[in-house]
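The block underneath contains the structure these notes are about, expressed in structure tokens.
All values derive from a computational prediction rather than experimental measurement.
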Amino acid sequence: TAAEVDWLTLATMRRYRFVRPFCQGRTVTDGGQPGPWRGLITAVASSVAEPVGGEPTGRMPPQSEVVLHLEPIPPEQLVRVLPILMNYLAPGGILAVAIAGTTHSDAAERVRQDLAKPFKHAACFRERPIAGSIILDERFAQSRVVPLHDAGPAGDLSLCICSNAPLPSI
């Protein structure tokens, strides 16, 4: 539906806004689909490239200081996708990857283990969809606010930032 598309667009834009500071003045390879969100990165990066597709040529792709894969992938695909993304990553570069389906602790732990193998430093952040505003009587301002509906699959996501160099302040 149109509301789902709008939500997905907003969620994607939010992920790009989150990683934008890491891209400031750096070369970036963006593995995501072109869209309005890419402008958030091109405005601050020294250059933005897309991964090279097609048949292997026997040569390494150009390496970037930041590699983005912000379209969520399932945890079980991370092991297959990670080496491909790392081919684009310059030594000491930053990888930002979105992982769907990490609500269960076993899936989240598997993602952490998969990222710990090639990276010395990793930080994972939960994406929690929220929208709108609420006006409460001051007596209830400290109350817990409960969502009115299930956010669906967009609410089950982690955004992981990884590097072999120390991570910038987040």
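Side-chain contact between Pro168 and Phe22: present, with at least one pair of heavy atoms (C-beta onward) separated by less than 4.5 Å. Between Glu127 and Arg15 there is a side-chain heavy-atom pair separated by less than 4.5 Å. In this structure, the side chains of Ile99 and Leu78 come closer than 4.5 Å at one or more pairs of heavy atoms. By the 4.5 Å heavy-atom criterion applied to side chains, Leu115 and Leu82 are counted as neighbours. Side-chain contact between Cys162 and Lys120 is absent, with no heavy-atom pair separated by less than 4.5 Å. Within the 4.5 Å cutoff, the side chain of Leu95 has no heavy atoms near those of the Ser163 side chain. Between Glu76 and Arg110 there is a side-chain heavy-atom pair separated by less than 4.5 Å. Annotation: side chain of Val67 is not in contact with side chain of Met86 (no heavy-atom distance under 4.5 Å).
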TODO: Starting from the C-alpha separation in whole Å, work towards a yes-or-no answer on side-chain contact (heavy atoms from CB on, under 4.5 Å) for Glu65 and Ile94.
DONE: CA-CA 6 Å; Glu65 296 167 283; Ile94 298 170; over 6 Å; no

TODO: Starting from the C-alpha separation in whole Å, work towards a yes-or-no answer on side-chain contact (heavy atoms from CB on, under 4.5 Å) for Leu167 and Ile161.
DONE: CA-CA 8 Å; Leu167 293 173; Ile161 312 295; 4.0 Å; yes

- [ ] Quick one: do Leu68 and Val28 satisfy side-chain contact (heavy atoms from CB on, under 4.5 Å)? Show the steps, please.
- [x] CA-CA 7 Å; Leu68 306 176; Val28 177; 3.9 Å; yes

Open item on the list: Leu89 vs Thr29, test: side-chain contact (heavy atoms from CB on, under 4.5 Å). Steps then yes/no.
Closed with: CA-CA 8 Å; Leu89 191 62; Thr29 296; over 6 Å; no

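A donor-acceptor distance shorter than 3.5 angstrom exists from the side chain of His69 to the backbone of Glu71, with no hydrogens or angles considered.
In terms of heavy atoms, Pro75 sits closest to Gly101 at CG-O, 3.6 Å. Residues Arg126 and Leu157 share a closest heavy-atom pair of NH1-O, 3.4 Å. Nearest heavy-atom pair, Ala165 versus His121, reported as atom, atom and distance to 0.1 Å: O-CD2, 3.1 Å. Smallest separation of non-hydrogen atoms from Asn164 and Pro118: OD1-O, 3.1 Å.
A search for ring pair (Phe, Tyr, Trp, His ring centres under 6.0 Å) contacts involving Phe119 returns nothing, not counting sequence neighbours.
Hydrophobic clustering (side-chain heavy atoms under 4.5 Å, transitive across Ile, Leu, Val, Met, Phe, Trp, Tyr) keeps Leu85 apart from Val79.
Atoms CG and CG, on Asp30 and Leu70 in that order, are 6.5 Å from each other to the nearest 0.5 Å. To the nearest 0.5 Å, atom CG of residue Leu40 and atom CZ of residue Phe18 are 14.0 Å apart. Atom CD of Gln24 and atom CD1 of Ile41 lie 10.0 Å apart (nearest 0.5 Å). Once rounded to the nearest 0.5 Å, the distance linking CD of Glu50 with CD of Gln33 reads 8.5 Å. Asp114 CG to Arg80 CZ: the interatomic distance, rounded to the nearest 0.5 Å, is 13.0 Å.
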